[in-house]
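Notes for the one structure printed next.
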2 protein chains.
Amino acid sequence: MTNEVRLLRFLAQDMTQAELGRRVGLTRQTIAAIEQGRYSPSLDVAFRIAHLFGKRVDEVFHWQPGGDQGTQTTSSDIS
Amino acid sequence: MTNEVRLLRFLAQDMTQAELGRRVGLTRQTIAAIEQGRYSPSLDVAFRIAHLFGKRVDEVFHWQPGGDQGTQTTSSDIS
DNA sequence: ACTCAATGTAAAATATATATAACATCATGT
DNA sequence: ACATGATGTTATATATATTTTACATTGAGT
């Protein structure tokens with residue numbers, strides 16, 4: 001499971017992790033963990049983040065059928 | 001947060017809760033809880049379920065900006 | 001050189017999702 | 001009437017997400 005949160009945050013006038021967290025009701029540590037793919041967020045959190053950026057959930061978070069094992073971060077990380 | 005899981009399950013040749021659970025790697029109790037909206041699943045589970053039905057996550061799970069409080073079940077439940 | 005904002009990270013605590021086991025109801029088929 | 005499969009439901013346990021607190025690093029600005 002990869003995501004574009006960090007990229008979208010940069011595109012949104014360099015919004016900070018703390019600011020993003022504040023807007024979606026999460027701490028900056030949680031934002032950092034999600035960006036790094038340390039765990040997959042709840043569906044509710046995914047919706048809140050996607051909505052903030054005006055995207056669909058599947059545009060922000062990318063999922064692959066058999067891909068639960070690794071801990072990638074951004075989609076450009078995939079080899 | 002509402003969802004169409006139960007409906008999609010019926011449309012899929014009356015697939016049973018247990019069978020759906022088996023296919024996405026969840027127990028039938030968890031499927032029942034998700035259908036009833038007792039909690040919002042993890043994003044990973046949402047992707048697995050949506051993928052099984054050939055839908056996008058936002059086509060299966062419906063989210064409303066301010067709507068975290070209630071515990072609706074299906075979208076036809078909304079007043 | 002100093003400060004400060006942004007980020008990384010980690011341990012411990014809390015909240016929530018999910019599993020397991022058990023029992024109940026209801027419908028259908030025999 | 002009985003058996004069986006599908007579902008509802010609940011209590012307890014476990015896994016995982018998220019918060020809180022704390023400390024370290026790095027880069028920009030002064």
Side-chain angles (χ1 to χ4, degrees), chain A residues 1-53 57 60-64 66-74 76-77, chain B residues 1-53 57 60-64 66-74 76-77:
Chain A
M1 174 93 76
T2 67
N3 70 77
E4 308 292 337
V5 173
R6 195 180 186 94
L7 172 62
L8 289 166
R9 194 161 54 80
F10 289 151
L11 295 181
Q13 304 125 34
D14 280 326
M15 186 189 306
T16 190
Q17 286 181 338
E19 175 63 13
L20 171 57
R22 196 188 60 76
R23 291 214 214 173
V24 298
L26 295 175
T27 63
R28 68 171 188 87
Q29 290 88 336
T30 299
I31 298 294
I34 290 173
E35 283 187 0
Q36 295 166 184
R38 289 218 297 271
Y39 46 67
S40 76
S42 71
L43 180 56
D44 193 70
V45 163
F47 267 118
R48 298 211 296 270
I49 293 175
H51 180 257
L52 182 72
F53 291 123
V57 166
V60 178
F61 297 90
H62 306 316
W63 179 84
Q64 314 197 35
D68 286 16
Q69 46 277 49
T71 300
Q72 295 91 2
T73 57
T74 77
S76 41
D77 235 30
Chain B
M1 174 94 75
T2 67
N3 70 76
E4 308 293 337
V5 173
R6 195 180 185 93
L7 173 62
L8 290 166
R9 193 161 56 79
F10 289 149
L11 295 181
Q13 303 123 36
D14 280 326
M15 184 190 307
T16 189
Q17 286 181 338
E19 174 64 13
L20 171 57
R22 196 188 60 74
R23 292 213 214 173
V24 298
L26 295 175
T27 63
R28 69 171 188 84
Q29 289 90 333
T30 299
I31 298 293
I34 290 173
E35 284 187 359
Q36 294 166 184
R38 290 219 294 270
Y39 45 68
S40 75
S42 71
L43 180 55
D44 193 70
V45 162
F47 267 117
R48 298 211 298 271
I49 293 175
H51 179 257
L52 181 72
F53 291 123
V57 166
V60 179
F61 297 90
H62 306 317
W63 179 85
Q64 312 198 39
D68 285 17
Q69 46 280 51
T71 300
Q72 295 91 3
T73 57
T74 77
S76 41
D77 235 29

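Every chain is numbered from 1, with letters handed out A, B, ... down the list of sequences. Here the structure is a predicted model, which is why all the values come from computation and not from measurement.
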* Asked: What about B/Glu35, does its side chain sit under 3.5 Å from the base of D/dT7 through a donor-acceptor pair?
  ->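 Absent.
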List in chain and number order the residues that pass side chain to side chain contact (heavy atoms under 4.5 Å, CB included) with [X], two or more places apart in sequence or in another chain; answer none if no residue qualifies.
| X | answer |
| --- | --- |
| A/Leu7 | A/Glu4, A/Leu11 |
| B/Ser42 | B/Asp44, B/Val45 |
| A/Glu19 | A/Met15, A/Thr16, A/Arg22, A/Arg23 |
| A/Ala33 | A/Arg38, A/Tyr39 |

* Asked: Under the ring-ring contact (aromatic ring centres under 6.0 Å, His included) test, which residues partner A/Phe61, sequence neighbours left out?
  ->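 A/Phe61 satisfies ring-ring contact (aromatic ring centres under 6.0 Å, His included) with no other residue.
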* Can you tell me how far P of D/dA6 sits from CD of B/Glu19, to the nearest Å? ->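 In whole Å, D/dA6 P and B/Glu19 CD are 10 Å from each other.
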* Structure fact -> Rounded to whole Å, the CD-C1' distance (A/Gln29 to D/dA24) equals 13 Å
* Who passes side chain to side chain donor-acceptor pair (under 3.5 Å) against A/Gln29, sequence neighbours left out? -> none
* To do: Go along nucleotides 12-18 of chain C 5' to 3' and tag each nucleotide: B for a protein heavy atom under 4.0 Å from its base, S when only backbone or sugar atoms are that close, - otherwise.
  => -----SB
* **Contact state string [nucleotides 25-30 of chain D, B base, S sugar-phosphate only, - no protein heavy atom under 4.0 Å]** => ------
Output one line per pair: protein atom, nucleotide atom from nucleotides 3-7 of chain C, and distance, for all N/O pairs under 3.5 Å.
from: C/dT7; atom 1: OP1; to: A/Arg9; atom 2: NH1; distance (Å): 2.8
from: C/dT7; atom 1: OP2; to: A/Thr16; atom 2: OG1; distance (Å): 2.5
from: C/dT7; atom 1: OP2; to: A/Gln17; atom 2: N; distance (Å): 2.8
from: C/dT7; atom 1: O4; to: A/Arg28; atom 2: NH2; distance (Å): 3.4

* To do: Estimate the overall bend of the helix from C/dA1-D/dT30 to C/dT30-D/dA1 from the end axes over five pairs each, rounded to 10 degrees.
  => 30°
* Any sub-3.5 Å donor-acceptor pair from B/Arg48's side-chain atoms to B/Val24's backbone N or O? ->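 Yes, B/Arg48 side chain to B/Val24 backbone: donor-acceptor pair under 3.5 Å.
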